[in-house]
Amino acid sequence: MSYIDGFVIAVPTANKQKFIDHANEGDSVFIEYGATRVVECWADDVPDGKQTDFRRAVQGKDDETVVFSWIEWPDKATRDEGFKKMMEDPRMDPEKNPMPFDGARMIYGGFKPVVELGGK
């Protein structure tokens, strides 16, 4: 079964194209190192909750848009090896490819799927 890395970030809305450019450059490296799919989603219908929500999770501001992303890997071993290589890859150096958002407010984690319906 596959392995999923999930991410939620707040991107300054004015930086949408910068984010897309950054993702296009960085996400191709994930694919090169074994990811089978990378998806970056710009908020479209993300309601404010009464107790918590995506915006609060990343301390989103009025001039920011929430982005929900995931990376699919064939398995955790491929993901672990891919991340190791990425940490050493100069293309992922924040000095050369700076993040157009506050990475300190990013939430992320690795997940083992327990239910999968449908297919490709």
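In terms of the side-chain contact (heavy atoms from CB on, under 4.5 Å) criterion, residue partners of Asp53 (sequence neighbours excluded) are, by chain and number, Asp48, Arg55, Arg56. Under the rule for a ring pair (Phe, Tyr, Trp, His ring centres under 6.0 Å), the partners of Phe68 that lie at least two apart in sequence or sit in another chain are Phe54, Trp70. Gln17 meets the side chain to side chain donor-acceptor pair (under 3.5 Å) test with Asp21; sequence neighbours excluded. Looking at residues two or more places apart in sequence or on another chain, you find a side-chain contact (heavy atoms from CB on, under 4.5 Å) between Asp89 and Val29, Tyr33, Arg91, Met92. Taking the side-chain contact (heavy atoms from CB on, under 4.5 Å) definition, one finds that Pro94 meets it with nothing, sequence neighbours left out. Under the rule for a side-chain contact (heavy atoms from CB on, under 4.5 Å), Asp62 has no partner lying at least two apart in sequence or in another chain.
Here the closest heavy-atom approach between residue Pro100 and residue Pro12 is recorded as O-CD, 3.4 Å. Closest non-hydrogen pair, Lys96 versus Pro90, comes out as CD-O, 3.7 Å. Nearest heavy atoms, Ala10 versus Gly60: CB-CA, 4.0 Å. Minimum heavy-atom separation, Gly34 to Pro74: O-CD, 3.2 Å.
Considering only heavy atoms from C-beta on, Ile9 stays 4.5 Å or farther from Val66 through its side chain. Counting only heavy atoms from C-beta outward, the side chains of Asp75 and Ser2 never approach each other to under 4.5 Å.
Linking ILVMFWY side-chain heavy atoms closer than 4.5 Å, directly or via other members, places Met86 and Met106 in a single hydrophobic cluster. A continuous path of Ile, Leu, Val, Met, Phe, Trp and Tyr side chains, each step under 4.5 Å between heavy atoms, connects Phe83 with Ile31, placing both in one hydrophobic cluster. Taken together through direct or relayed side-chain contacts under 4.5 Å among Ile, Leu, Val, Met, Phe, Trp and Tyr, Val39 and Val11 form parts of separate hydrophobic clusters. When the side chains of ILVMFWY residues are joined at heavy-atom separations under 4.5 Å, either directly or via intervening members, Ile71 and Tyr3 end up in a single hydrophobic cluster. Put simply, Ile4 and Val114 are part of two different groups of oily side chains (I, L, V, M, F, W, Y) that touch within less than 4.5 Å, one to the next.
Taking the six-membered ring where the residue is Trp, His22 and Phe101 present perpendicular rings, their angle passing 60° and hence far from 30°. Ring orientation note: the planes of Phe30 and Trp73 are nearly perpendicular, at an angle over 60° on the 30°/60° scale.
A salt bridge between Glu72 and Arg79 is absent, with no side-chain N of the basic residue lying under 4.0 Å from a carboxylate O of the acidic one.
Here Thr65 contributes atom OG1 and Trp42 contributes atom CH2; the two are 4.5 Å apart, rounded to the nearest 0.5 Å. Atoms CD and CG, on Gln59 and Asp102 in that order, are 8.5 Å from each other to the nearest 0.5 Å.
A 6.0 Å sphere centred on CG of Asp44 holds no more than 12 heavy atoms belonging to other residues, nucleotides or ligands.
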Dump the intermediate steps for side chain to side chain contact (heavy atoms under 4.5 Å, CB included) on Ile107 and Phe7, then the final yes or no. CA-CA 6 Å; Ile107 60 173; Phe7 307 85; over 6 Å; no
Working for side chain to side chain contact (heavy atoms under 4.5 Å, CB included), residues Lys76 and Asp80: CA-CA 6 Å; Lys76 189 170 191 280; Asp80 290 348; 3.3 Å; yes
